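Following: one structure in structure tokens, then a few remarks.
Proteins come first, then strands; the chains are lettered A, B, ... in the order of their sequence lines, and each starts at number 1. The model shown is predicted, which means the values in this text are computed figures rather than measured ones.
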Protein chains: 2
Amino acid sequence: MSMRVRWEGDAFDPGCPTRVVLDRLGDKWTVLIVDILDSGPKRFNEIRLAIGGITPKVLTSTLRSLVADGLLEREVFAEVPPRVEYSLTDLGRSLQEPVAALRRWAEANVAEIVDSRDRHDEAQASAGV
Amino acid sequence: MSMRVRWEGDAFDPGCPTRVVLDRLGDKWTVLIVDILDSGPKRFNEIRLAIGGITPKVLTSTLRSLVADGLLEREVFAEVPPRVEYSLTDLGRSLQEPVAALRRWAEANVAEIVDSRDRHDEAQASAGV
DNA sequence: CCGAATCCTAGACGATACTG
DNA sequence: CAGTATCGTCTAGGATTCGG
């Protein structure tokens, strides 16, 4: 049992890989994928249909990244037809709560943001910009 | 006092603007900007230096988007030298908590993620991929 | 000094068709 | 079913320069 150096990141340090992690969390699909896998393991096309609007190619590459990051596990069953299941790892499950909070915030405030943006656009337009 | 239709978003509906909101939250700098403004109003270069690694142009455009979305307020003071302050609106303040949670998660787990990615890369390499 | 306007590139993302 | 392959697009972000 070796002691591990428990290293804490600092998102405000440009050299810290935390920046990279934040970038990945911020990609277009990660939040939705992590969020939907909270209800249990899912197959490729289950995820694809649940999310909607994501192409197979993009889903593949996003899932790959998440597996590499240790957030998801990919399990292949030797069956015909083939079956592949994706599920959250412990690390992935620990991300689910913050990520769901962000999604809930977005859902709760989307109306206000859209309003604000419309008002802003009008103001710009009437200013002749 | 008019009743407003309180419309709730659904991030899993491709047609819902919640998707757009999530995209914005996920850009490279929004999390850090919202987070740092929690400690009070800041000037352009204060934000720039606090974050580190962001160019003026990108900071300008990100701030503009956040103002348009109603998350930030931009206040110009007629002074010499000129002074401009950015601060969180109420809406922005409501975002700070979920966003800080995400940053904290990233900071706490960056080591594990980097490890996982390294191990994954090695496994790929030794498999001759 | 505080920022804004221009130009440019990398890579994320999408559409479509195809394979083991 | 679960992806690959190919091509095209779009824009966030970076380097640089300019105005007030």
Got a second to check how far A:Thr18's OG1 is from B:Ile113's CD1, nearest 0.5 Å? 8.5 Å
Of all the choices, D:dG13, C:dC13, C:dC2, which nucleotide is nearest to the side chain of B:Pro82 once you look at every atom? C:dC2
Heavy atoms only, 4.0 Å cut-off, all strands: where does B:Phe77 land among base, sugar-phosphate and nothing? nothing
Checking all strands, does A:Arg43 fall into the base, sugar-phosphate, or nothing category for heavy-atom contacts under 4.0 angstrom? sugar-phosphate
Could you check B:Phe44 against B:Lys57 and say which one's nearest nucleotide on DNA chain C is further toward the 5' end? B:Phe44
Tell me whether the OP1 or OP2 atom of C:dA15 has a side-chain N or O from A:Thr55 closer than 4.0 Å. no
Ignoring the backbone of A:Asn45, work out which of D:dT4, D:dG14, D:dC1 is nearest its side chain. D:dC1
Indicate yes or no: does B:Arg93 engage B:Asp38 in a salt bridge with an N to O separation below 4.0 Å. no
Report the nucleotide, chosen from C:dA15, D:dG14, D:dT4, that has the shortest atom-to-atom distance to any side-chain atom of A:Pro56. D:dT4
From C-beta outward on B:Arg74, which listed nucleotide comes closest to its side chain: C:dG3, D:dG3, C:dC13? C:dG3
Sidechain N-carboxylate O distance under 4.0 Å for B:Glu85, B:Arg83: yes
Reckon B:Val84 touches a base, only the sugar-phosphate, or nothing at all at heavy-atom distances under 4.0 Å? sugar-phosphate
State whether B:Glu75 and B:Lys42 are salt-bridged, where the test is any N-O pair (Lys NZ or Arg NE/NH1/NH2 against Asp/Glu carboxylate O) under 4.0 Å. no
Please classify the nucleic acid contact of B:Arg64 as base, sugar-phosphate, or nothing, using heavy-atom distances under 4.0 Å. sugar-phosphate
